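I have placed the structure first, in the form of structure tokens, so that the comments after it can refer back to it.
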Number of protein chains: 2
Amino acid sequence: MRATIRDVAARAGVSVATASRALSSERGVRPENRERVLAAAAALDYQPNILAAALRGRTTYTVGMVVPSIGNPYFATLVEAVEHQLRDDDRSLLLANSRYEPQTERRQIQALLDRRVDSLILVPCDRTASRDATADAAARVPTVQVDLRVDDHAGSSVTVDNEFGLRLAVDHVVGRGAYRPVFVGAEPVDSSAQERLDGYRQATGRYGLGEPDVLLGDFSTDWGRAAACRIVDRDPRPDAVICGNDMIALGVLDGLAAAGMRVPEDIQVTGFDDTPYAALSRPSLTTVRQPQDEIAAQAVRLLDAAAARSDSPPPQRIAITPVLVARGSTLP
Amino acid sequence: MRATIRDVAARAGVSVATASRALSSERGVRPENRERVLAAAAALDYQPNILAAALRGRTTYTVGMVVPSIGNPYFATLVEAVEHQLRDDDRSLLLANSRYEPQTERRQIQALLDRRVDSLILVPCDRTASRDATADAAARVPTVQVDLRVDDHAGSSVTVDNEFGLRLAVDHVVGRGAYRPVFVGAEPVDSSAQERLDGYRQATGRYGLGEPDVLLGDFSTDWGRAAACRIVDRDPRPDAVICGNDMIALGVLDGLAAAGMRVPEDIQVTGFDDTPYAALSRPSLTTVRQPQDEIAAQAVRLLDAAAARSDSPPPQRIAITPVLVARGSTLP
DNA sequence: ATGAAAGCGCTAACAG
DNA sequence: CTGTTAGCGCTTTCAT
């Protein structure tokens, strides 16, 4: 049986209260006694029962996170960044997958709340359908939306500045001679899809490139491939494809190659996210990088700030400025 | 304040004991009373405090998992498969990252144990350095090693049959005319690296292809790229590159293309794992698929079997047979 | 079938 | 500074 704090106290010859104080490293214990408690704990290989502490106190040192798809490389690296951030502080990550289903998302949030997570990091999969669950969660524990966010909800969020990111991409290709770009994105179900679409429209509008040309599907490679087929058949043919994310871009690259087009000579291509894939494609993909470490750091910071105050602090919306990473899919 | 079981009991006009029994859906409660308890719970939006239940009882409905790198697409999809498996049963996943550091791995296992996970799924990052921590964990809770395993430890494990997988790859390229293959793998720090290397040696031995040609680095794209440079300089030049995993293969593909070689005409290439990347490269990658859903299912099954018995059941080592997925990087 | 009561291991008043 | 005393919310004997 594992040693409890009573065993430690007994061995150190003090009361459990003193042992607890010494272990929790608060002050208010005579150095000599603290010594003895610590020694006893070490000798007994004492490991506090976090569950009991959580039941009595109020923190579980656990934060919950719900993402649409753990297997998606973008979210996987985001989860990794968050976990890394948390580990520095000896906290753990309770991870759940919504599978892009608002229904499932709701249940997962509930499950995390049942486990008394201290706070929640959410990537709401649907701009509207995720709203209620997100709001309910925020009413219970400090909550921050990351990467994606729901409409009309005043909670805190940390996202990348998608509009700006798209402008970077458009500026880049236009600066390299493109004057007939096309956007291949996703139906605006989530906030990024929406903002990137808006960003594209704004950016092309600034150049007076005429009616924005957009093709909308989902954030998948398959869609990118399908879109590429449509693009090559166009007359006049676009000279740049601005994609809503890297997956789409990879599909576009593949579809274009299959149609015998040369990238970037015949047509330039850009992605968004800078997932690990981007550097590996042939040609390598010019893309807009999301600084995930910073996103994770800000999210955790916001959560901690909220936890530190008993009143709920005003929600903050942090938009991180992305940078463009130029690679082989655009002209030098 | 959230409703507690006392509130439910009061509202239903029964004792907490009866309420607890009704809620835990054990039998021994008059149908009529159970009705009332359930109704009261619903009315009060009662949500049991899992922590309290865990403190008193013994299960947390939480399983811990430690992987070397969450961001690695292979592990990300494995985590997803496990999470999916667990969700069906309303259990949660406490995830941790060892970052390929045995030290960190040990701490993470400890942290999970502190949180009283019911069982542990481990991907030990080092064949030898992870041994003690793995054994300690197994002494405390049902534990299963997945994908990787430590040397000389009799615990349960679920892995793919790496030797067989390599034989599939070698057979495939040899069947397509290759007679001078080279293996680009990783130093045998973890068990897969070791087994794949062994598998390559055995497979080529069967064909009498002479002294096995192997290049050892790590499981990264960079290493694959570097290895490709060495390969093109060889005289006579190899006609097939069997890689230790997909990442290496992608690097090899890149390095070969940079050197102007055609794949698969001049040289065939195979990977291992069938990560999402494999289908996206150009040419797409012929690889050995690991059935992750099955691996996850078996792992969870083993854990549940162990939990069901009070005595520790005999450890099981399950080796799942992989299949080859032929794509464009090998001849038709 | 039901209720009273005893804790699980810990922290947080409250006295001393 | 330290010990005593209550519980946190739940499950589980043990009587009834």
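Predicted model, so just to flag it, every value in this text is computed and none were measured. Order of the sequence lines sets the chain letters (A, B, ...), proteins ahead of strands, with each chain counted from 1.
The phosphate of C:dG3 (OP1 or OP2) has a side-chain N or O of B:T18 nearer than 4.0 angstrom. Proximity of B:S20 to the phosphate of D:dT11: a side-chain N or O atom is located under 4.0 Å from OP1 or OP2. Residue A:R30 places at least one side-chain N or O closer than 4.0 Å to OP1 or OP2 of D:dT2.
The base of C:dG3 lies close enough to the side chain of B:R21 for a donor and an acceptor atom to sit less than 3.5 Å apart. One donor-acceptor pair, N or O on each side, does fall under 3.5 Å between the base of D:dG7 and the side chain of A:R56. Between the side chain of A:R116 and the base of D:dG9, no donor-acceptor pair of N or O atoms lies under 3.5 Å.
Between A:D132 and A:R106 there is no salt bridge, since no side-chain nitrogen of the basic residue lies less than 4.0 Å from a carboxylate oxygen of the acidic one. For the pair A:D190 and A:R127, the salt-bridge criterion is not met [side-chain N within less than 4.0 Å of a carboxylate O].
As a whole-Å value, the separation of A:R6 CZ from C:dC10 P is 10 Å. Residue A:D7 contributes atom CG, which lies 9 Å from atom P of C:dC10 at whole-angstrom precision. Atom CG in A:L44 sits about 14 Å away from atom P in C:dG9, given to the nearest Å. Atom CZ in A:R36 sits roughly 13 Å away from atom C1' in D:dT2 (whole-Å rounding).
One finds the CZ atom of B:R115 at 9.5 Å from the CG atom of A:L51 (value rounded to the nearest 0.5 Å). Taking CZ from A:R30 and CD from A:E32, the interatomic distance works out to 5.0 Å, rounded to the nearest 0.5 Å.
Each of B:N33 and A:V16 lies near DNA chain C, and the nucleotide nearest B:N33 is the one positioned closer to the 5' end.
More than 12 heavy-atom neighbours from other residues, nucleotides or ligands sit within 6.0 angstrom of CD on B:Q47. The environment of CZ in B:R317 is crowded: more than 12 heavy-atom neighbours from other residues, nucleotides or ligands sit within 6.0 Å. The local environment of OH in A:Y61 is sparse, with at most 12 non-hydrogen atoms from other residues, nucleotides or ligands closer than 6.0 Å.
Inter-axis angle, ends of the helix from C:dA1-D:dT16 to C:dG16-D:dC1, five pairs per end, rounded to 10 degrees: 40°.
For the contact set between residues 46-55 of chain A and DNA chain D, defined by any heavy atom under 4.0 Å, the members are A:L55.
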